[in-house]
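The structure appears right after this line, and notes come after that.
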Amino acid sequence: MSFLLDGLNEQQRKAVTACQGPVLVLAGPGSGKTRVLTRSIAYRIETLGARPYHILAVTFTNKAAREMGERVEKLIGANTHGLTLGTFHSVCVRILRRQAERLPFDSHFVIFDADDQIRVVKRALRDLDLDEKQYRPHSIHAAISRAKNELLLPEDFPIKTYRDEVVRRVYEQYHKLLLASNALDFDDLLLWTAFLLAEYPEVCQQYARRYQHVLVDEFQDTNMAQYTLLKHLASFHRNIFAVGDADQSIYRWRGADYRNVRRFEQDFSDAQVILLEQNYRSTQNILDAAMAVIDQNPQRRRKKLFTGRGAGKKITLHEAHDDRAEAAFVVDAIASLVARGQAQPGDCAIMYRTNAQSRLLEEAFMRANLPYKLVGAQRFYGRREIKDVIAYLRLVHNPLDEASLLRVINVPPRRIGAKTVAALRTLAGQTGLAPGELLLDLGKGEDSEYFGKFRGRAALSLANFGHLVRNWRALRDELTPLQLIDRILHDVGYEAYLDTSTEEGLSRWDNVQELRRLAADYHDRDLLAFLDEIALVSDQDTLDEAANVPTLLTLHAAKGLEFPVVFIVGLEERTLPHFRSFDDPEAMAEERRLFYVGITRAKDRLFLVHALNRAAYGYTEPTEPSRFLEDIPTHLLNGQGVVRSFRGREGTTRQQNAPSPGPPPQRARYQAGMKVRHPLWGEGMVLNSRWQDGDETVDIFFEKVGLKRVAASLAKLDYVNE
DNA sequence: ATGGACAATGTTTTT
DNA sequence: CATTGTCCAT
């Protein structure tokens, strides 16, 4: 089956055929990593005779999984049946449903999305009589999520401060509430699977024996839970094949730890390490810019990326007056490329740090009457009407799901207000039933023993709704998901509720129609399959590749994609790097990687854009260009004069000088009284600062280690905002 | 119970 | 500024 090695370079070949023992493939951007992964799967089946049943391949997005499946099938035909191929989360769902009898939930559990999770945190806070202002649900949830990713249960939650103590209690309550709802959050899927494999050696054995080959994509994005899972699953045969690139690790905030790459080499000391450094995507100029940017990150394994593609066009650096002008520039530039026949609209992508930045771009496209497509942002599944319909389905599937019950119990309004809901919950608590179960019982009307416990109107409203849910439940096995949706929409009068005479209502109803179309695909599967699928889709999964129009997307969403023409906008301090990363060197390093990921998406043309003024809180304020721009050698750039090193704001005079890649501006960055943070020594106060031998020498009094003298260009100091 | 008006509050990235 | 929550009048 030598065709599986056709067209591969030596390193790729080596990787594809490395099927024994642990293998770590460090794959630079555009180095054919997906190719290596798919061929390696095919090679194991075709050449080594492995049964697909014995192969596990995990990815982070459904799209990546789907693509991989299609490409393997294209290589070796249809004999991929039995292959386990999916995202970490979907693979875990499958395992957990099968093994639920060993775990504290049953196999019909539902998956709570981000919204539900916040609701549960709020509920927990209220149950514990804690102030939502003081303990913001999002921040508490982040702490819980972090703990789960580290495989820490409530009792293991590390306590250093009083706040930690509170978080631990909320975590405990949150945990209970989820189990009472027979629901798992995203993190639980990983946590419980890891727990299962650790606690039940016979189960672990069963899977580890089955999976003779374990392959992982985007390994640098794994968190502790995922890493542990992989180790368990590969523990018997030890044929684990991990592909990743620490320089493209951009999900630290989600628990991802690129140090797992190093950990892998330690845990599997016999691992073969294969480097893929030849880039097949970008021109050399683009690649050089990318390397110049990423080389500034400390403590990384240097890779020397090269391409056979030639230098290519220079990178365009554009300075716009403000964010509106920035958007206009992008639209103009695309229009002009298309007009000159240099690109198709669909070749172009515009990338930005935050979703909020998409708005002005969208407006600019609309003003120019040009179509575009947007990845993510107001996600389809995040829309209110979609969440409503899904909540109905989940309630029908699982009446224990309190989050869904509360979401739809009065939508459309059916005279069940806060008072009545509180009464329902109270009585449920007294009887030991879940609110949803109580509601179902009330659905029997006056036959229900609980009917008399409510004040007249309330009892009737509840009974009516309970009756509806009873009916839907009775039908749920006969009807397809689509038929059930239609039945619910009809029974509750959802179209009338949306008021399709208004533009907004009509658009919402359109979205419901879109959901119906998606449900139509599930005519031969059950409701739960549909619910699983929509719980685990990602933004990238909804990207429509057919339309020949420009794509707007965040830098995060751009990972794994490539485009002939790439615009990266908002290249300013506080945007990229984002201001939330300023006081943490690790976070700052990740901002740089994010920029690196963006640059390396480009095949032929790269446009880097920054605006001198940007609207922040509704007010437009002056900006400084991103520090990352300073790291790109000027000879790779063209466009208007390269304005460099503005930190300190005297750039206009310096600009006159010949563009020299010399030292930064002679202006103190640190002044006495400033608070700064050093990666090693922690926080300290600047005592004084002066210029010496072309560098800034700063004396700092650190809280932990006392007085230190540092060179500003060498010490990785960060400002601490007071 | 409902809906509207106002205030506060917060803005990264997402399986 | 744009969303979310809270208060108040119906």
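To find a chain, count down the sequence lines: A is the first, B the second, and so on, and within it residues start at 1.
With sequence neighbours excluded, the residues satisfying side chain to side chain contact (heavy atoms under 4.5 Å, CB included) with Leu152(A) are Ala147(A), Glu150(A), Asp156(A), Pro158(A). Residues meeting the side chain to side chain contact (heavy atoms under 4.5 Å, CB included) test with Ala183(A), sequence neighbours left out: Val110(A), Phe112(A), Leu178(A), Ser181(A). Scored by the ring-ring contact (aromatic ring centres under 6.0 Å, His included) test, Tyr211(A) finds no partners at all (sequence neighbours excluded). Residues satisfying the side chain to side chain contact (heavy atoms under 4.5 Å, CB included) test with Ala114(A), not counting sequence neighbours, are none. With sequence neighbours excluded, no residue satisfies ring-ring contact (aromatic ring centres under 6.0 Å, His included) with Tyr450(A). Judged as a side chain to side chain contact (heavy atoms under 4.5 Å, CB included), and not counting sequence neighbours, the contacts of Asp113(A) are Asp115(A), Asp116(A), Phe186(A), Lys387(A). When the ring-ring contact (aromatic ring centres under 6.0 Å, His included) test is applied to Tyr258(A), no partner is found at least two apart in sequence or on another chain. Residues passing the ring-ring contact (aromatic ring centres under 6.0 Å, His included) test with Phe451(A), sequence neighbours excluded: none.
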Protein-nucleotides 1-3 of chain B N/O pairs under 3.5 Å:
from: dA1(B); atom 1: OP1; to: Thr420(A); atom 2: OG1; distance (Å): 2.6
from: dT2(B); atom 1: OP1; to: Arg415(A); atom 2: N; distance (Å): 2.9
from: dT2(B); atom 1: OP2; to: Asn410(A); atom 2: ND2; distance (Å): 2.7

For nucleotides 1-3 of chain C, give me every protein contact, N/O to N/O, under 3.5 Å, one pair per line with atom names.
from: dA2(C); atom 1: OP1; to: Arg359(A); atom 2: NH1; distance (Å): 3.4
from: dA2(C); atom 1: OP1; to: Arg359(A); atom 2: NH2; distance (Å): 3.1
from: dA2(C); atom 1: O5'; to: Arg359(A); atom 2: NH1; distance (Å): 3.3

Protein-nucleotides 5-8 of chain C N/O pairs under 3.5 Å:
from: dG5(C); atom 1: OP1; to: Lys122(A); atom 2: NZ; distance (Å): 2.9

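The side-chain ring of Trp253(A) is stacked on the base of dT13(B), judged by centre separation under 5.5 angstrom and plane angle under 30 degrees.
Summarising the geometry, the separation between CZ on Arg136(A) and P on dA8(B) is reported as 16 Å, rounded to the nearest angstrom. The interatomic distance linking Ile118(A) (CD1) with dT4(C) (P) rounds to 12 Å, in whole Å. The interatomic distance linking Gln220(A) (CD) with dT15(B) (P) rounds to 15 Å, in whole Å. Summarising the geometry, the separation between CZ on Arg66(A) and P on dT15(B) is reported as 13 Å, rounded to the nearest angstrom. The separation between Asp532(A) atom CG and dT15(B) atom C1' is 14 Å, rounded to whole Å. The CD atom of Gln117(A) sits 12 Å away from the P atom of dT15(B) (whole-angstrom rounding). Going from atom NE2 of His138(A) over to atom C1' of dT4(C) covers 11 Å, rounded to whole Å. To the nearest angstrom, C1' of dT13(B) lies 17 Å from CZ of Phe595(A).
OP1 or OP2 of dT13(B) sits under 4.0 Å from a side-chain N or O of Asn355(A). Put simply, Ser90(A) has no side-chain N or O that comes within less than 4.0 Å of OP1 or OP2 on dT15(B).
A donor and an acceptor atom, one from each side chain of Asn297(A) and Tyr596(A), are nowhere located under 3.5 Å apart.
Using a 4.0 Å cut-off between charged side-chain N and carboxylate O, Lys33(A) and Asp217(A) make a salt bridge.
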Solution key, residues 125-137 of chain A side-chain donor-acceptor pairs under 3.5 Å, sequence neighbours excluded:
from: Asp127(A); atom 1: OD2; to: Gln173(A); atom 2: NE2; distance (Å): 2.9
from: Asp131(A); atom 1: OD1; to: Lys133(A); atom 2: N; distance (Å): 3.0

